[in-house]
2 protein chains.
Amino acid sequence: MDEKDDFALQDFLPYLLNRAAEESSLGFQKHYKNRYGMLRTEWRVLFHLGNYGQMTAKEIGSRAKIHKTKISRAVAKLAEKRFVTRTRDESDRRAEHLALTPAGEAAYKDLREHALEFDTQICARFTSGEVAILRYMLRNLAGIEP
Amino acid sequence: MDEKDDFALQDFLPYLLNRAAEESSLGFQKHYKNRYGMLRTEWRVLFHLGNYGQMTAKEIGSRAKIHKTKISRAVAKLAEKRFVTRTRDESDRRAEHLALTPAGEAAYKDLREHALEFDTQICARFTSGEVAILRYMLRNLAGIEP
DNA sequence: GGATATTAGTTGTTTTTGTAACTAACAAGG
DNA sequence: CCTTGTTAGTTACAAAAACAACTAATATCC
């Protein structure tokens, strides 16, 4: 329709990244959505607590770059589901330490299993060298240290 | 906190992909948002029309994997801004062919320029071989043919 | 040709997100 | 102490997305 320049939409990285992210999310979503009625932010919070152990909402936010209002709501839902407990920090009574309950731990482990399987399935399409490069590049793009 | 298995959240591909996608989107967003008051779906539609030429809403939807209601609303906004025209297909009066107006074309070219620059900037952090692998893998993950 | 099913696109309603303003606790400086 | 500023987290309201139900045109098949 015009002088095509050297621009091709299907090579534009933000576009490609979003398409790939949406596609892969869709695949994994059904695990936490159907089985536990969770939202994306909820499983992220759950995974952070399961993976790194007890921490505060603020900490999760800065690690995962999620806005505090989203975390607040996710934590409320997870607490409602009895997946996390909140305990006030006695030396700074604004903060509260979040931790998984046994039920939360169980859900985490179950989902982690599926995540691992899902990840393995994705990687199977590529060589291990390619996957290593992909992870390295995505971490860089996401602003996560090595 | 527990037997860590061999699972690391920060290596989980759907997570990494989403973080990277969000980060890169944020960077490009300001161009179409601040300068043209567009939403993500709007620039995607604009880009499709600019890049591939006239087509129907249905076609954009299947190419970009965007739901028809999102497209419908994006097209309405773009038409409001006088960036696209809609012309009924005479042989199938349900469908309409969307095309850029000169103003739409101008906006597209302007944004394409910024997109290209933004993309180049991202790629500069990596070797060209790495970038080629990344694009290839993302296309695959996004379900876009080679 | 006429009932039935499909398809292109729109509209309405409910969820989810984004943004801003808020409360409560702490921190500093005077 | 007691103003002023900052921080952790929540709440309220506006914008956007998801999902379902709709209209109108066309296809199908008896």
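Letters A, B, ... are given to chains in the order of the sequence lines, protein chains preceding strands, and every chain is numbered from 1.
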What's the [atom1]-[atom2] distance between [X] and [N], to the nearest Å?
{"X": "B:R44", "N": "D:dA16", "atom1": "CZ", "atom2": "P", "answer": "16 Å"}
{"X": "A:N18", "N": "D:dA17", "atom1": "CG", "atom2": "P", "answer": "12 Å"}
{"X": "A:E90", "N": "C:dA25", "atom1": "CD", "atom2": "P", "answer": "12 Å"}
{"X": "B:D89", "N": "C:dT7", "atom1": "CG", "atom2": "P", "answer": "17 Å"}
{"X": "A:R73", "N": "D:dT11", "atom1": "CZ", "atom2": "P", "answer": "10 Å"}
{"X": "A:R86", "N": "C:dA24", "atom1": "CZ", "atom2": "P", "answer": "16 Å"}
{"X": "A:I66", "N": "D:dA8", "atom1": "CD1", "atom2": "C1'", "answer": "16 Å"}
{"X": "B:R40", "N": "D:dA18", "atom1": "CZ", "atom2": "C1'", "answer": "14 Å"}

Indicate whether any N or O donor in one side chain lies under 3.5 Å from an N or O acceptor in the other, for A:T56 and A:D89.
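A:D89 and A:T56 do not have a side-chain donor-acceptor pair below 3.5 Å.
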
Does the side chain of B:L49 come within less than 4.5 Å of B:I60's, by heavy atoms?
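When only atoms from C-beta onward are counted, B:L49 and B:I60 do touch, with a gap below 4.5 Å.
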
Ignoring hydrogens and angles, are the base of D:dT26 and the side chain of B:R94 linked by a donor-acceptor pair under 3.5 Å?
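A donor-acceptor contact between them is absent.
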
Taking the six-membered ring for Trp, are [X] and [Y] parallel (under 30°), tilted (30 to 60°) or perpendicular (over 60°)?
{"X": "A:F118", "Y": "A:F28", "answer": "tilted"}
{"X": "B:Y136", "Y": "A:F126", "answer": "perpendicular"}
{"X": "B:H48", "Y": "B:Y52", "answer": "tilted"}

Report the nucleotide, chosen from [options], that has the shortest atom-to-atom distance to any side-chain atom of [X].
{"X": "A:H67", "options": "D:dT26, C:dT19, C:dG9", "result": "C:dT19"}
{"X": "A:K70", "options": "C:dG18, D:dG9, C:dT16", "result": "C:dG18"}
{"X": "A:R93", "options": "D:dT26, C:dA25, C:dT17", "result": "C:dA25"}

Closer to the 5' end of DNA chain D via nearest nucleotide, is it A:K33 or A:E96?
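Its nucleotide being nearer the 5' end, the pick is A:E96.
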
Hey, does A:K68 reach any base, or is it just sugar-phosphate, or nothing, if we go heavy atoms under 4.0 Å?
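A:K68: base contact, heavy atoms under 4.0 Å.
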
So B:L39, base contact, sugar-phosphate only, or nothing? Heavy-atom distance under 4.0 Å.
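Answer is sugar-phosphate: B:L39 comes under 4.0 Å of backbone atoms only.
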
Has A:K58 got a side-chain N or O lying under 4.0 Å from the OP1 or OP2 atom of D:dG9?
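So the side chain of A:K58 is outside the cut-off, no N or O lying under 4.0 Å from OP1 or OP2 of D:dG9.
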
A:K77 or B:T56, whichever maps to the more 5' nucleotide of DNA chain C
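This one resolves to B:T56.
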
